[in-house]
Participant: 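Quick one: this structure, given as structure tokens, is what I'll be asking you about.
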Amino acid sequence: MTDRGERFDPRTYEPGWRERWAADDLYRADDADPRAKHYLLTMYPYPSGDLHIGHWYAATGPDIVARMRRMQGRNVMFPMGFDSFGLPAENAAIDRGVHPAEWTASNIDRMRAQFRTMGCMFDWSREVVTSDPEYYRWTQWLFVQFFKAGLAYRAMAPVDWCPKDQVVLAREQVEGADRHCWRCGTPVVKRDLEQWFFRTTRYADELLDFTQIDWPEPIRLMQTNWIGRSEGAEIDFAVEADGVAPIRVFTTRPDTVFGATFMVLAPEHPSVATLTAPDRAEEVSAYTAAARRETEIERMSAEREKAGVFIGAFAVNPMTDERIPIWIADYVLPGYGTGAIMGVPAHDERDYAFAVRYDLPIRYVVLPRGGEAPVGKALVAHTDDEVLVASGDFSGMTAADGIAAITEELAERGQGAASVTYKIRDWLISRQRYWGAPIPIVYCPEHGPQPVPEDNLPVLLPHDVDFAPTGVSPLQSNEEFLAASCPVCAGPARRETDTMDTFVDSSWYFLRYCAPKEDGFAWDPAAVAHWMPVDLYTGGAEHAVLHLMYARFFVKALRDMGLLAFDEPFLALRNQGQILGADHHRMSKSRGNVVNPDDLTSRFGSDTVRCFLMFIGPWDQGGPWNPSSIEGVHRFLGRVWAVAQPDSGGHPRQIPGMPLESGVWPPGSSAPPADQELATLEGGMRALRQATHRTIQDVSEDYAGFHFNTALSKLMELTNALGAARDEGLALTDAYTEALETLLLLLAPMAPHITEELWSRLGGAYSIHQQAWPAFDPGLAAAEMIELPVQVDGKLRDRLVVAPDTAPEEIERLALASERVQAYLKGRAPRKVVQIPGRLVNVVTPGDSPG
RNA sequence: GCCGGGGUGGCGGAAUCGGCAGACGCGCCGGACUCAAAAUCCGGUGAGCGCAAGCUCGUGUGGGUUCGACUCCCACCUCCGGCACCA
């Protein structure tokens, strides 16, 4: 079948196999398949235009795992789709006059074709495109369910506004110290606007629970910090004014309430207007106005000097009954806690700075046992060694006991209660943009906002609108779209013109994959029950507090509506690293360091690109592009090609009558076999089988752990061993065949084309990707002789070659008998001999001085 | 500032429940093949000393624990990512 030494050229066979796999629906996942299901998902891309090398990197890892799981007998679903709503399509319309729908559709066509060249086992029959009305119809339906469940609401709030994109952003989409837009990098500004929110805060506590899922620690920490749960107490401070309700503050340190010497309100606090003394009114309103004008960046800066204004009113410390002045200052944020704090300068750095600036009293009430108050700073940290002082009956208690006791005392008096506060805010989901799912709400002058009846979904995006960004949705420019009737009274009503954040689309796409053609419901409950939850999810860590948190929220909310029966969407998560340019910078067109995967595949073929990407380093780490080493990986595949054609090189010899099982020659046996040449060959076969079975074990573990770089290095070693065995004349032995077939099977997930080609040439059944994963035989993987390092005082001095089951006494005797060891002992007895079974021997000399 | 992850040959990286540091690959050096080159194959390749056997040093820095430390502990330096007046 093969010509001797036929040249290795992937271009001659790769496209043909891809066509055949597609024609045969080789990778289609069948719901009725009785084998255990395995839902493997990788984050779907935004159809930006061209497949980037990063897409290859991200997809190849999970594809390898998907292929291995399938060969291991699982019914694997590995779908792909497009997150196709979003701003770039609209910007293309503005810049180039192409309609977003056309731009998106042509990009998807191009990227779908590029995806095919990767040779991934995507099940394209399940493709989901979120801008398809058949998809966003159900996104809208889900919005209505959230609305009916009280989880979607409209409210006026200070929100983040991107002045360049002319759109509001969720808190999670504002990044960095300079508070910039995640998409365009422009610093955001605060605006008071009426917007739609999803009530993510209702699930704050449950989102902190990761016990059901196997996720990377950094992602769990990022979500935990973002949710920002703080335990403490709310405490009421009476106000010295008739008929005015007490002011409630939140603190994590109720043990320090005896040290509260002033109170600070956020400038936006509702009590400011009623409490401000007439003679302070001018200064207060000037400060409040200035605070409002300032950008978020200036206001949030921690380095900025603490400044505020006394409003001319007093509160009463509930524990000391002291009169304390009420101030306003912008370091107190309106959206967190109660928007009011008790100022405890002795035990909070910010309060300390404020007190120093305005000469307010500083009273230390928690100190190390028998210790002195620090000079010139706050005492923030508290340990078990610290006790309350100058705190009435509570003096002498530890800080922890003080928190509990004081909270209890306040609760009994009706002046406070234990309380929990979170940093997370509700998810702002409305966008003043065109290319998204319209929010299915109509406003009736009589009945207010009403959801569009489910029968009337989808609310279709009109084709003709004016895309020029004006700060309001382009949908407002279409009168036909705007006009609606009230679902309650059928009277004239106005349609909501904002669209939904694209992260709403991606919060449920994994459900749609289970039955993408279902048209009576958002998903087929039976299919979702079969496939969900996702067994393994992969994608970028940049979505830690965006998509990955929103999707968890969605599933929990839908579960509580009775629509789903599980708690978490993604049981396991793995994050890939980023591929950087050769200049170690993020790839970008402006830097000119972008690597085009199409150029590489046309030169080297897909398998080489896949293997090279996996060989760069740990998959979760990424790294800079190093164009020179791709040649090495290509050479490796060339060697695989060569060893799979054993009669094309080396010096093959037929060894008659030598079945696989007999190929065992114990090298430790005293009587050498009669035929020395045969014995050498048998030893070589034995060694090759050992290498084969070790590789099965190592590569299986490495793939499962996403250690593709080390998996490939072990496959290289097996290939090198095959090359050596061929040169030793083992090419026609069963051990060689076993090693070669194993190599192809183990390599198949990483290099699907060359392995299919060689498998076919060797006469294997189509397809290699439907073969069983090789079984590992521990007996064959074990060495019959092991080499044991011998150390003297921890330094390597000699080696012993022994059988693995050699008794420790015998090993010690052999080690001490070693000439090298004797030279270091100089006739003395060793102080001791340390043995780690199977690992090493360490002889400790008496040394010059004992001990 | 707080949280998290890293620093190992010329380069990417391996080894981390303490046990042969540098697997595998790139690059480089030498050789084979060739008129020559490319391709391919073989050998060498942490540093220093030595004719050699071998010895010494070596995993960001400085200490420590241990028979033995890239791995554990303490204190630092540095790079990357996230958060950032959250009371």
Side-chain angles (χ1 to χ4, degrees), chain A residues 5 7-8 175-177 179 216-222 224-226 228-230 232 249-253 256 264 266 299-306 329-333 335-344 347-351 353-354 421-424 541-542 544-545 577-578 584 611-612 615-618 620-621 623-633 635-636 638-639 642 649-650 707 709-717 719-720 723 727 787-799 820 830-836 838-845 847:
Chain A
R7 210 180 141 73
F8 165 56
E175 297 179 337
R179 318 285 305 146
E217 177 79 6
I219 302 290
R220 301 203 312 258
L221 281 165
M222 274 191 255
T224 300
N225 293 337
W226 187 261
R229 180 188 157 101
S230 290
V249 303
F250 173 76
T251 179
T252 54
R253 294 290 305 275
T256 64
V264 188
R299 178 157 175 183
M300 300 288 273
S301 166
E303 287 77 40
R304 189 157 160 270
E305 242 190 289
K306 301 283 170 293
D330 62 11
Y331 80 89
V332 176
L333 306 173
Y336 182 79
T338 62
I341 61 156
M342 60 178 197
V344 186
H347 301 290
D348 182 279
E349 282 173 5
R350 295 150 303 184
D351 295 347
F354 195 77
T421 306
Y422 303 88
K423 288 184 198 171
I424 189 175
E542 68 274 15
V545 296
Q578 269 210 346
H584 291 59
C611 290
F612 169 64
F615 197 55
I616 285 176
D620 58 1
Q621 200 175 294
W625 182 256
N626 184 348
S628 65
S629 15
I630 194 167
E631 307 270 1
V633 173
R635 274 200 285 272
F636 157 68
R639 285 198 298 276
H707 305 303
N709 55 332
T710 50
L712 188 54
S713 78
K714 283 154 193 166
L715 291 169
M716 287 173 170
E717 287 180 285
T719 305
N720 294 343
D727 292 344
E787 196 180 65
L788 219 51
V790 179
Q791 295 183 338
V792 177
D793 293 333
K795 290 195 166 131
L796 179 70
R797 298 300 182 193
D798 203 359
R799 294 167 194 283
R820 304 280 327 277
R831 188 146 69 92
K832 67 171 159 179
V833 177
V834 181
Q835 270 199 56
I836 307 298
R839 298 305 295 260
L840 60 54
V841 188
N842 188 16
V843 177
V844 185
T845 64

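Residue numbering restarts at 1 for every chain, and letters A, B, ... go by the order of the sequence lines. Remember, predicted model here, so these are calculated numbers, not experimental data.
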Participant: I want to check one thing: is the phosphate of B/G68, taken as OP1 and OP2, less than 4.0 Å away from some side-chain N or O of A/Lys832?
Facilitator: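 The answer is no; no side-chain N or O of A/Lys832 sits under 4.0 Å from OP1 or OP2.
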Participant: If you check the A/Pro789 side chain, which of B/C67, B/C20, B/C85 turns out closest?
Facilitator: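 Closest nucleotide among those given: B/C20.
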Participant: Of A/Leu221 and A/Val633, whose closest RNA chain B nucleotide lies nearer the 5' terminus?
Facilitator: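 Checking each residue's closest nucleotide, the 5'-ward one belongs to A/Leu221.
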Participant: Touch check for A/Pro624, heavy atoms < 4.0 angstrom, all strands: base, sugar-phosphate only, or nothing?
Facilitator: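 No contact.
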Participant: When you measure from the side-chain N and O atoms of A/Tyr331 to the phosphate of B/A87, is any distance below 4.0 Å, counting only OP1 and OP2?
Facilitator: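 Indeed not, no polar side-chain atom of A/Tyr331 lies that close.
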Participant: Any base atoms under 4.0 Å from A/Lys714, or only sugar-phosphate, or nothing? Heavy atoms, all strands.
Facilitator: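 Nothing, no heavy atom under 4.0 Å.
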Participant: Taking only side-chain nitrogens and oxygens of A/Asn709, does any of them come within less than 4.0 Å of OP1 or OP2 of B/C24?
Facilitator: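 No.
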Participant: Among the nucleotides B/G12, B/C85, B/A84, which one has an atom lying closest to any side-chain atom of A/Asp330?
Facilitator: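 The answer is B/C85, which lies nearest to the side chain.
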Participant: Measure from the side chain of A/Pro618, starting at C-beta and using heavy atoms only, and say which of B/C26, B/A87, B/G13 lies closest.
Facilitator: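 Per side-chain heavy atoms of A/Pro618, the pick is B/G13.
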Participant: Which nucleotide sits closest to the side chain of A/Arg831: B/C67, B/C20, B/C24?
Facilitator: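 My answer, after comparing the listed nucleotides, is B/C67.
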Participant: Please work out if A/Ile616 contacts a base, only the sugar-phosphate, or nothing of the nucleic acid, heavy-atom cut-off 4.0 Å.
Facilitator: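 The residue A/Ile616 makes sugar-phosphate contact but no base contact.
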Participant: Do A/Lys306 and B/C85 have a side chain to base donor-acceptor pair shorter than 3.5 Å?
Facilitator: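 When only heavy-atom distances are counted, A/Lys306 does reach the base of B/C85 through a donor-acceptor pair under 3.5 Å.
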Participant: Nearest to the side chain of A/Asp348, which nucleotide is it out of B/C67, B/G19, B/A87?
Facilitator: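 Selected nucleotide (nearest to the side chain): B/A87.
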Participant: Contact class for A/Asn720 (heavy atom, under 4.0 Å): base, sugar-phosphate, or nothing?
Facilitator: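 Sugar-phosphate, no base atom in range.
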Participant: For RNA chain B, whose closest nucleotide is more 5', that of A/Gly632 or that of A/Gly228?
Facilitator: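 The 5'-side residue here is A/Gly632.
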Participant: Are A/Met342 and A/Thr256 close enough that some pair of their side-chain heavy atoms sits under 4.5 Å apart?
Facilitator: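 Side chain of A/Met342 against side chain of A/Thr256, heavy atoms only: contact under 4.5 Å found.
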Participant: My validator wants the stems of RNA chain B: runs of 3 or more consecutive Watson-Crick or G-U pairs, both distances under 3.5 Å, written as range with range.
Facilitator: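 Result, WC/G-U stems under 3.5 Å: B:1-7 with B:77-83, B:10-12 with B:24-26, B:27-32 with B:40-45, B:46-49 with B:54-57, B:60-64 with B:72-76.
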Participant: Return no unless some side-chain N or O of A/Thr710 is found under 4.0 Å from OP1 or OP2 of B/C24.
Facilitator: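 Indeed not, no polar side-chain atom of A/Thr710 lies that close.
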Participant: It should be established whether A/Asn842 places a side-chain nitrogen or oxygen under 4.0 Å from OP1 or OP2 of nucleotide B/C20.
Facilitator: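 For B/C20, neither OP1 nor OP2 has a side-chain N or O of A/Asn842 closer than 4.0 Å.
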Participant: Mark yes or no for a side-chain to base donor-acceptor pair under 3.5 Å between A/Arg839 and B/C20, with no hydrogen or angle criteria applied.
Facilitator: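 Under the 3.5 Å cut-off, the side chain and the base do not form any donor-acceptor pair.
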Participant: Going through the distances and angles, do A/Lys714 and A/Glu717 end up as a salt bridge (Lys or Arg N to Asp or Glu O under 4.0 Å)?
Facilitator: CA-CA 5 Å; A/Lys714 283 154 193 166; A/Glu717 287 180 285; over 6 Å; no
Participant: From the set B/C20, B/G82, B/G12, return the single nucleotide nearest to any side-chain atom of A/Met222.
Facilitator: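 Between B/C20, B/G82, B/G12, the one nearest the side chain of A/Met222 would be B/G82.
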Participant: Among B/C24, B/A84, B/G19, find the nucleotide with the atom closest to the side chain of A/Arg179.
Facilitator: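 Given the options B/C24, B/A84, B/G19, the side chain of A/Arg179 is closest to B/A84.
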Participant: Nearest of B/C67, B/C24, B/G54 to any side-chain atom of A/Val844?
Facilitator: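 For A/Val844, the side-chain atoms sit closest to B/C67.
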Participant: Does the gap between the ring centers of A/Trp625 and A/Phe612 come in under 6.0 Å?
Facilitator: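 Yes, close enough.
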Participant: For a 4.5 angstrom cut-off between non-hydrogen side-chain atoms, does A/Asn842 reach A/Ile836?
Facilitator: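 Not touching, per the 4.5 Å side-chain cut-off.
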Participant: Under 4.0 angstrom, heavy atoms only, what part of the nucleic acid is A/Arg229 near: base, sugar-phosphate, or nothing?
Facilitator: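 Touches nothing.
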Participant: At under 4.0 Å between heavy atoms, which parts of nucleotides 40-50 of chain B does protein reach? Answer with one letter per nucleotide, 5' to 3': B base, S sugar-phosphate only, - none.
Facilitator: SS---------
Participant: Phosphate oxygens OP1/OP2 of B/G13: is one of them under 4.0 Å from a side-chain N or O of A/Gln621?
Facilitator: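 A/Gln621 to B/G13 OP1/OP2: side-chain N or O found under 4.0 Å.
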Participant: Under a 4.5 Å cut-off applied to non-hydrogen side-chain atoms, are A/Leu840 and A/Val790 in contact?
Facilitator: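 Result no, sub-4.5 Å side-chain heavy-atom pair not found.
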Participant: How should the glycosidic conformation of B/G18 be described, syn or anti, under the criterion that syn lies within 90° of 0?
Facilitator: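 Anti.
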Participant: Counting heavy atoms from C-beta on, name the nucleotide in B/U56, B/C20, B/G12 closest to the side chain of A/Leu796.
Facilitator: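 Closest nucleotide to the A/Leu796 side chain: B/C20.
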